[in-house]
Amino acid sequence: MQVAVVTFDGFNELDSFIASALINRCRKNGLGAFITTPTPVVTSMNGVEVTGQRPMEFVTEADAVLIGSGVKTRDVVADDRLISRLPLDPSRQLIGSQCSGALVLARLGLLGGMPACTDMTSRPFVEACDVTVLDAPFHAEGNIATAGGCMASQYLATWVITRMLGEDAARDVIGYVAPVGENQETVARAMRAVHAGEAVLG
């Protein structure tokens with residue numbers, strides 16, 4: 001099972017690396033995440049250069065695709081050629097976005113009428129796409145999820161791990177990386193956020 005963590009130039013390190021690192025704690029169980037980039041090397045919003053682990057075409061074979069955020073997301077959604085390289089399929093893939101990544105999901109027409117989570121800076125731009133923005137860190141409907149706020153990337157990872165390996169696997173990962181002495185409350189908060197954010201579909 002493979003997860004593409006789509007990472008554009010100007011990316012937010014927390015958004016891409018936290019989700020990727022948490023999911024990769026599950027490699028022994030056959031679940032791995034890969035930093036997926038449109039160019040061989042991308043530079044973060046703070047000047048960190050990263051070599052992509054997979055090219056953008058990898059998104060078509062990935063079982064899950066997470067769209068990271070960054071300071072150039074509005075440029076990304078304005079680039080028809082770049083957007084065309086994201087032929088995502090929610091009928092067979094889990095698809096999630098982090099912060100301004102919600103703009104990409106909106107641009108791809110994947111949100112439909114569902115509300116979304118994003119960061120405060122991106123909120124007006126997401127709302128301009130006729131998307132209702134929730135005052136919440138995580139929301140999911142079916143195979144589509146959105147997270148808002150850098151540290152909410154742990155909830156996106158928790159959702160992916162839970163959906164692909166089960167809740168016990170997600171609890172193990174979050175419990176392992178939790179601050180010492182705060183394991184139980186950190187796990188409880190992550191699971192509560194994911195459960196609260198999952199819509200009951202009729």
Side-chain angles (χ1 to χ4, degrees), residues 3-20 22-23 33-38 42 44-45 56 58-60 62-79 82-164 190 193-194 197-199:
V3 181
V5 181
V6 178
T7 303
F8 299 106
D9 207 40
F11 72 96
N12 183 314
E13 301 95 333
L14 292 174
D15 293 350
S16 288
F17 293 156
I18 290 176
S20 178
L22 291 178
I23 292 168
F34 301 88
I35 299 296
T36 302
T37 56
V42 291
S44 78
M45 61 191 292
M56 197 69 112
F58 175 65
V59 300
T60 61
D63 302 288
V65 179
L66 301 182
I67 309 293
S69 75
V71 295
K72 298 183 179 180
T73 308
R74 281 185 287 158
D75 294 333
V76 170
V77 297
D79 187 333
L82 186 52
I83 287 295
S84 71
R85 298 175 67 186
L86 291 168
L88 307 184
D89 183 358
S91 70
R92 66 175 184 83
Q93 295 174 307
L94 295 180
I95 300 170
S97 69
Q98 180 65 44
C99 293
S100 65
L103 287 170
V104 177
L105 297 194
R107 176 71 169 77
L108 291 170
L110 294 173
L111 293 179
M114 72 177 278
C117 299
T118 191
D119 62 281
M120 295 305 295
T121 301
S122 301
R123 179 170 188 150
F125 302 105
V126 175
E127 289 177 332
C129 298
D130 292 325
V131 174
T132 299
V133 174
L134 301 173
D135 288 318
F138 178 84
H139 180 72
E141 292 186 15
N143 286 345
I144 304 239
T146 58
C150 298
M151 298 305 289
S153 54
Q154 64 182 302
Y155 303 150
L156 205 54
T158 298
W159 176 72
V160 169
I161 296 168
T162 298
R163 287 290 302 271
M164 300 185 88
V194 170
E198 288 182 319

Do any N or O atoms from the side chain of [X] and from the backbone of [Y] form a donor-acceptor pair under 3.5 angstrom?
X    : Y    : result
T162 : T158 : yes
T7   : V5   : yes
Q93  : A62  : yes
R123 : V133 : yes
T36  : V6   : no

Review point. Name the one of S100, S20, S69 that satisfies side chain to side chain donor-acceptor pair (under 3.5 Å) with D15?
Key: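 Of all the options given, the one that passes is S69.
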What heavy-atom pair brings [X] and [Y] nearest, and what distance separates the two atoms?
X    : Y    : result
T118 : C99  : OG1-O, 2.8 Å
P124 : T121 : CD-O, 3.5 Å
N143 : P90  : ND2-O, 2.8 Å
M164 : A64  : SD-CB, 4.2 Å
L105 : G96  : CD1-C, 4.4 Å
P137 : C117 : C-SG, 4.0 Å

Practice item. Please report the C-alpha distance between M56 and L82 in whole Å, then the side-chain angles of each, then the deciding distance to 0.1 Å, and finally whether the side-chain contact (heavy atoms from CB on, under 4.5 Å) criterion is met. Key: CA-CA 9 Å; M56 197 69 112; L82 186 52; 3.9 Å; yes
What is the distance from atom [atom1] of [X] to atom [atom2] of [Y], rounded to the nearest 0.5 Å?
X    : Y    : atom1 : atom2 : value
S97  : L111 : OG    : CG    : 6.5 Å
I67  : T146 : CD1   : OG1   : 12.5 Å
D75  : D9   : CG    : CG    : 9.5 Å
L94  : L156 : CG    : CG    : 10.0 Å
L103 : T73  : CG    : OG1   : 6.5 Å

**Study point:** Pair R107 + D79, salt bridge at N-O below 4.0 Å
**Key:**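 No.
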Check your understanding: Is the number of heavy atoms from other residues, nucleotides or ligands within 6.0 Å of CZ (R74) greater than 12?
Key ->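 At most 12 heavy atoms, drawn from other residues, nucleotides or ligands, come within 6.0 Å of this atom.
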Point to revise | Pairwise side-chain contact, C150 with D119, heavy-atom cut-off 4.5 Å (strictly under) | key: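 No, their side chains stay 4.5 Å or more apart.
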**Study point:** Close side-chain approach of L66 and Q98, heavy atoms under 4.5 Å
**Key:**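 No, every pair of side-chain atoms sits at 4.5 Å or beyond.
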Exercise for review: Before giving the answer on side chain to side chain donor-acceptor pair (under 3.5 Å), spell out for E13 and S44 the whole-Å C-alpha distance, their side-chain angles and the decisive distance to 0.1 Å.
Suggested key: CA-CA 6 Å; E13 301 95 333; S44 78; 2.8 Å; yes
Point to revise | Parallel, tilted or perpendicular: ring planes of F138 versus W159, cut at 30 and 60 degrees | key: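 Judged by the thresholds at 30° and 60°, the geometry between F138 and W159 is tilted.
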